[in-house]
Amino acid sequence: QVQLVESGGGLVQPGGSLRLSCAASGSIFRINVMGWYRQAPGKERELVASITRGIEPNYGDSVKGRFSISRGNAKNAVYLQMNSLKPEDTAVYYCKANVDLSLTIRNNYWGQGTQVTVSS
């Protein structure tokens, strides 16, 4: 079993910054991809950013140049640095990991989400 726990959300003014963290635990052989998605009220869940071994990070168009994703040294954590935040960034942010449990078993896992609110 694999668990993902997000932290770092909160209330911030427009133009401000937040740093989200996601820690993975459990019987992990290898984490291939980690990423962040978000879902605003009444909207579909959308990709914010993802990072894969040996590949440049991928970002949603609306956050390019403002957000930065990175992996921890132990590769069991992922971070999202969010700068120049806008009210339209308000959403619940979810961590996702594509995990190899063995050489033959691969699954996706989701965290419970952390609320980010951008408002004056």
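- No continuous path of ILVMFWY side-chain contacts below 4.5 Å connects Val33 to Tyr59, so the two sit in separate hydrophobic clusters.
- For the residue pair Asn58 / Glu56, no side-chain donor-acceptor distance below 3.5 Å is found, with atom types taken as modelled.
- Here the side chains of Trp110 and Arg45 are in contact, with some heavy-atom distance below 4.5 Å.
- Taking the six-membered ring where tryptophan is involved, the planes of Phe67 and Tyr93 are tilted, since the angle between them lies from 30° to 60°.
- Following chains of ILVMFWY side-chain contacts shorter than 4.5 Å, one cannot reach Tyr37 starting from Leu20, and the two form parts of different hydrophobic clusters.
- Ser70 has its side chain out of reach of Ile51: every pair of non-hydrogen atoms, C-beta onward, lies at least 4.5 Å apart.
- Here the options are Val116, Val63, Leu47, Thr114, the test is side chain to side chain contact (heavy atoms under 4.5 Å, CB included), and the partner is Arg38; only Val63 passes.
- Counting only distance, with no hydrogens or angles, the side chain of Thr90 and the backbone of Val118 share a donor-acceptor pair below 3.5 Å.
- Taking a cutoff of 4.0 Å between a charged side-chain nitrogen and a carboxylate oxygen, Asp89 and Lys86 do not qualify as a salt bridge.
- The shortest side-chain heavy-atom distance between Ile28 and Leu101 does not fall under the 4.5 Å cut-off.
- For the 3.5 Å distance criterion, the side chains of Ser68 and Arg19 fail to qualify, holding no donor opposite an acceptor.
- A side chain to side chain contact (heavy atoms under 4.5 Å, CB included) with Cys95 is found for one member of Leu4, Leu80, Val5 and no other, namely Leu4.
- Residues Val99 and Arg106 are not in side-chain contact: their nearest non-hydrogen atoms beyond the backbone lie 4.5 Å or more apart.
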